[in-house]
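As the structure is a computational prediction, the values presented were derived from the model and not from experiment. By convention in this document, chain letters (A, B, ...) are assigned in the order of the sequence lines, proteins followed by strands, and residues within each chain are numbered from 1.
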Amino acid sequence: MNTILFIIQKEFIQVFRNRMMMPIIFVVPIVQLIILVHAATFEMKNIKVSVIDLDMSSSSRKMVSKFQGSPFFLVKHTSFSEKEAQTEMKKGNVDLILQIPYGFERRLVKENTAKVQVVVNAINGASAGLINAYTTMIILDFNRELLIDWLTPGMLAATQNITISTSYWYNPKLNYKTYMVPGILCLLVTIISFLLSGMNIVREKEIGTIEQINVTPIRKVEFITGKLMPFWIIALFELAFGLLIGKLLFSIPIIGSLWLIFLSAGVYIFVILGFGLLISTMTNTQQQSMLVSFFFMVIFILMSGLFTSIESMPVWAQNLDRINPIAYFIRIMRMVMLKGSDFHDIRESFYSLVVYAVAIISFAVWRYRKVT
Amino acid sequence: MENPSIVVDNISRSYGPVKALEQVSFEVPKGELFGFIGPDGAGKTTLFRILATLLLPDTGTATVEGLDVVKDFRKIRKLLGYMPGKFSLYMDLSVEENLSFYATIFGTTIRENYDLIKDIYRQIEPFKTRRAGKLSGGMKQKLALCCALIHKPAVLFLDEPTTGVDAVSRMEFWEMLRRLKESNITIMVSTPYMDEASLCDRVALIQDGKIMKISKPEEIVAGFRHQILAVRSGRFFELLTDLHGFPGIHSVNAFGQAAHVTFDKGVLPVEALRKHLVAARHEDVMIEEINPTIEDCFMELMNTEN
């Protein structure tokens, strides 16, 4: 026991003697939260539109003005040439071409139906979908107003009308920050603990100190515990620090129990430390360890549900995500922080993490050999 | 041998096709300063790592203080001091922190065994708050020795402790080892420097994973069956080839500035050799008779092995 405490003490001395450590612990979370929370947003604003209004009627102008009036759209370009508009899109100057054909209003009056053409730049599929959805909403709105204008009040009442009113639960204002902060906090904790533990034992290998340690009577369980504890503490501290910033800077809601957040985080960090440790025992240099860690981290993060929802992934990917610890933790964090879930609600993810932690740390300890 | 401290019996170890050790056997009695002399790649480090329980032998057995290096590795680690060839203390910890760290993981304190390291530690004590990475080469060795001694080991393994250390520090280091012998610690030390061999109680000459000879240094020298002439001339490179052409020569080896020429015992043909070299247009020819050194013996053994 004494030995473990001493190793922990030694690790802490080394960590804080490393001149880069303080900025990494304090500056990185602030910068990451501020930049990522503001930058990584799916809200589309200022979609650039090119309008080809071949009808030039009051109806067509009304439709164009609806686009102009929307905060999401910005009419950047108008012309009468389809070719010109396409060139603009090729150059990347516009994201959307709205073409209103000649005879739009006349057809609308005579035949009660008319067509417009919408061309969306779909280089980024996700944003193309959003642009399309926004556009459809505006055109529907235009449609409804037409109905109101043309129908007499009596007829309006007679038409069957179903209105859908939407309310967004757990994030009523659809505030993107509320959604992103818990996820980014997870990332922060993950990166810190993954890299620190992944580099640690391999660093001792690289500078040769492991030789001297290995001939001592120290047990490998003692050695590894002593090595992991400091990073566990640092990572938990990092989470607390990040939550504080989130609360102060972004006033993100923390509805659920803080204890539950830290309890899950405590287990989760063991999983990540175990992962790092495993990589550390399998590699010989810090460079190798870094590259292997990155390989896993990129896959885990992109599949974690932080940016894209897991439910929309193909089934095989969803199954693969069962071994993605980040996915479990992000789910827990969002549920507890935004929804106020209690232990009973998150128990499945929680127990998965516990099993994961036990399995991976045992495997890593078993893999670590003092003798070659 | 009664109660030997280290017994190595028929140890072999290969790395793939490379045989690092081939059927090595020897015994070291308690309290002896035993030297391993051999060039780089001779298998010294492999042997040390096996005895330090860091490497498993392919075949053969070895015991340290009566404990098997494979089965009883846990017990051995408690009574073993090991100093690897590469400096392997924490560069970012201070002298004192390193020492107390190793003391603690052996379950002891600096104070408890201070007597043993006092002579050495006193020399680095003025720098005890300095980080180990900022010490000079000689000081690093002293610190490493202190750390290896802090738990009062029964056996000390020093793998090339003086490699890369200046001449003065090397002599100091050997002086320390001789003093440690008084504490009845068995010391096994390896070195590529032949001149350090004479400072050991006994030495083993090792080459290509095989022990060529184990003996007291003076006996090794006394057992040299040839006479040696040291020959110098202005044109050193041609000198070696021209010497080979001289009849009755046993061997020619380059030793720094001079060529050591060995002859079978008898009358040394100094004048004939001078004439031979002058005829080959060598200038400033200097020939003198010298006593054999360990290095001469080593070269001789190496030549006969091949």
Q | Residue part contacting chain B, namely of A:Gln9, when any heavy atom lies under 4.5 Å | A | neither
(Q) If I measure from the heavy atoms of chain B, does A:Ile210 come under 4.5 Å with its side chain, its backbone, both, or neither? (A) neither
Q. Where do B:Ser88 and A:Gly208 come nearest, in terms of heavy atoms and distance?
A. CB-O, 3.0 Å
(Q) Tell me the closest heavy-atom pair linking A:Gln212 and B:Leu89, and the distance in Å. (A) OE1-CD2, 4.0 Å
Sub-4.5 Å side-chain heavy-atom contact between [X] and [Y]:
| X | Y | result |
| --- | --- | --- |
| A:Pro217 | B:Arg74 | no |
| B:Leu93 | A:Gln14 | yes |
| B:Asp92 | A:Asn18 | no |

Just checking [X]: does its [atom1] atom have more than 12 heavy atoms from other residues, nucleotides or ligands closer to it than 6.0 angstrom?
| X | atom1 | result |
| --- | --- | --- |
| A:Met229 | CE | yes |
| B:Lys134 | NZ | no |
| A:Phe294 | CZ | no |
| B:Lys181 | NZ | yes |

Q: Kindly determine whether A:Ile13 and B:Tyr90 satisfy side chain to side chain contact (heavy atoms under 4.5 Å, CB included), including the steps that lead there.
A: CA-CA 11 Å; A:Ile13 292 178; B:Tyr90 293 98; over 6 Å; no
(Q) With a strict 4.5 Å heavy-atom criterion, list every residue of residues 97-112 of chain B that contacts chain A, or say none. (A) B:Glu97, B:Ser100, B:Phe101, B:Tyr102, B:Thr104, B:Ile105, B:Phe106
(Q) Non-hydrogen contacts under 4.5 angstrom with chain A: give the residues of residues 182-193 of chain B involved, or none if there are none. (A) none
Q. Between atom OG1 of A:Thr209 and atom CZ of B:Phe87, what is the distance when rounded to the nearest 0.5 Å?
A. 10.0 Å
Side-chain donor/acceptor pairs under 3.5 Å, residues 181-195 of chain A, sequence neighbours excluded:
residue: A:Thr190; atom: OG1; partner: A:Cys186; partner atom: O; Å: 2.5
residue: A:Thr190; atom: OG1; partner: A:Tyr268; partner atom: OH; Å: 2.6
residue: A:Ser193; atom: OG; partner: A:Val189; partner atom: O; Å: 2.5

**Q.** Contacting region of B:Lys78 [heavy-atom separation from chain A under 4.5 Å]
**A.** both
Q: Provide the full list of salt bridge (charged side-chain N to carboxylate O under 4.0 Å, His left out) pairs with a residue in residues 135-154 of chain B, sequence neighbours left out, each pair given once.
A: B:Lys142-B:Glu172
(Q) Check A:Glu211 with B:Lys86, please: is the shortest side-chain N to carboxylate O separation under 4.0 Å? (A) no
